[in-house]
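The shown structure was predicted, so the numbers you read here are calculated from the model rather than taken from an experiment. Order of the sequence lines sets the chain letters (A, B, ...), proteins ahead of strands, with each chain counted from 1.
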2 protein chains.
Amino acid sequence: MSEKKVSIAVAKRLPKYYRYLGEILDKGITRISSNELSQRMNITASQIRQDLNNFGSFGLQGYGYNVELLYKEIGRILGLDKEHKLVVIGAGNIGHALIKYDSFESRGFKIVGIFDKDADLIGSKIKDLEVQHVDKLKSYLTDNKIDVVVLTVPQTSVKSILDIINESTIEGVWNFTHMELSLREGIKVENVQLMDSLMTLSYKVNEDEIIKRYNGTTKLKEQYYKPVAKD
Amino acid sequence: MSEKKVSIAVAKRLPKYYRYLGEILDKGITRISSNELSQRMNITASQIRQDLNNFGSFGLQGYGYNVELLYKEIGRILGLDKEHKLVVIGAGNIGHALIKYDSFESRGFKIVGIFDKDADLIGSKIKDLEVQHVDKLKSYLTDNKIDVVVLTVPQTSVKSILDIINESTIEGVWNFTHMELSLREGIKVENVQLMDSLMTLSYKVNEDEIIKRYNGTTKLKEQYYKPVAKD
């Protein structure tokens, strides 16, 4: 077998498996077939088998999956058996909310540092952590073994932070800015683009009306370019 | 042409087009080919043409796209030409951060109400808005024309809120809980599951090591079920 990576879609479904298996386990269910799991998760049974086969053969024909073992195994696949050290860069509203969100630490994601460049914030505390000036970020990342940077800075500050990140040993960036980041090879990124997400919801809400409108105007091209002077 | 809907993937790319075209427009660029757009956005030119063709023919062979018109058209497709009224349910950390996030309002997404059930929060103000008791939610949704609910409540409160939402005329739910929501037909949902997103990042960081480990153990099945008593 070659060392091929799994698709982005699989990587995004893995936490969902983990979450559902955790809930099933909490209910005292010890084994489950891919069909039952399929019904609960609204993913086809063949998709489930295919997803999990990327990592090994976890099911037994006629038996199904051992819930606890599969749960633990997916936890390991997700790296939840290790502790991850995170720093938050940008102590604004989103940064604040993430620092106060307890669930991350209970899964092994420990926020150990907060950085900002706003003089009014430096030295203030958020949940026992003192906000440090971003000038100290470079040496902090070198001195401490930080795995993941949580980026919640305004667009204008992104460039200078990226230079620091790209020279560090950081392995992942959790990106809350609405920019596509230029990261050196080896640094993984996961985007949470809230404005995009809200616009996607708005699209879904408007979809029926929009599709109807465009289907009625297949000759749009000519009208569309009428007001534009061709050069 | 039948009235088929576009895929989820297209719906998620539309905001990205909107964002990039806005930036290109700000730079004073008035027209762009799908090839140039492709390079900037890291999406293939044929994908771009295919995505946009869902809504009409916006490009002209040998001319490309008129940046301003396409930007406005995608804005309309995303429903940004209308004002949307939102309420936030759950005035915790994430709820707070979203209410204070100014970019939503500048795109036409106006938060007009905040609800919680915590007695200590009721009556307090977040950015000019008074937190109301969730008991008033049902009549509020009826009396005001609310389009979207932003759901940031703990898991235990979800069920009762969903009953209210499903009986209302709400069109969309922006879901920050880590539950899959059971919504009546016609209500659209967009999930922002932060814990899932962080676990996906963790997976990406661990991927090389994990794939290597599993590729070396194709006989995992037998080992895996050894400790399990078969019944």
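For chain B, the option among I99(A), V173(A), N191(A) with the highest count of heavy-atom pairs below 4.5 Å is V173(A). Heavy-atom pairs under 4.5 Å with chain A peak, among H84(B), M41(B), E180(B), at E180(B). Highest contact tally toward chain A, considering only I77(B), I94(B), L14(B), is held by I77(B) [criterion: heavy-atom pairs under 4.5 Å]. Counting heavy-atom pairs closer than 4.5 Å to chain A, the top-ranked of the candidates H178(B), H96(B), R13(B) is H178(B). For the set K204(B), K100(B), R76(B), the count of heavy-atom pairs under 4.5 angstrom toward chain A peaks at K204(B). Most heavy-atom pairs under 4.5 Å with chain B, from the set N42(A), L86(A), D147(A), V189(A): that is V189(A).
Of the candidates T30(B), L25(B), I24(B), L25(B) is the only one forming a side-chain contact (heavy atoms from CB on, under 4.5 Å) with E68(B). Across R19(B), R107(B), K16(B), a single residue satisfies salt bridge (Lys or Arg N to Asp or Glu O under 4.0 Å) together with D196(A), and that is R19(B).
Under 4.0 Å is where a charged nitrogen must lie from a carboxylate oxygen, and between E23(B) and K27(B) no such pair does. Under 4.0 Å is where a charged nitrogen must lie from a carboxylate oxygen, and between K145(B) and E83(B) no such pair does.
Nearest heavy atom pair, residue M195(A) against residue S103(B), reads SD-O, 3.9 Å.
Contacts between F109(B) and chain A at a heavy-atom distance below 4.5 Å involve the side chain alone, from C-beta outward. With a 4.5 Å cut-off on non-hydrogen atoms, K82(B) touches chain A through its side chain but not through its backbone. For a residue to count as touching a neighbouring chain, one of its non-hydrogen atoms must lie under 4.5 Å from one of that chain's; by this rule N93(B) touches chain A with backbone and side chain alike. The parts of V205(B) that come within reach of chain A are both its backbone and its side chain, each placing non-hydrogen atoms under 4.5 angstrom from that chain. Within the 4.5 angstrom heavy-atom criterion, only side-chain atoms of L98(B), from C-beta onward, approach chain A. Within the 4.5 angstrom heavy-atom criterion, no atom of V150(B) approaches chain A.
Two residues are said to be in side-chain contact when any heavy atoms from C-beta on lie closer than 4.5 Å; E190(B) and K12(B) meet this criterion. You'll find the side chain of L21(B) stays beyond 4.5 Å of the side chain of Y65(B), heavy atoms only. Residues I111(B) and Y101(B) form no side-chain contact, since every pair of their non-hydrogen atoms from C-beta on lies 4.5 Å or further apart.
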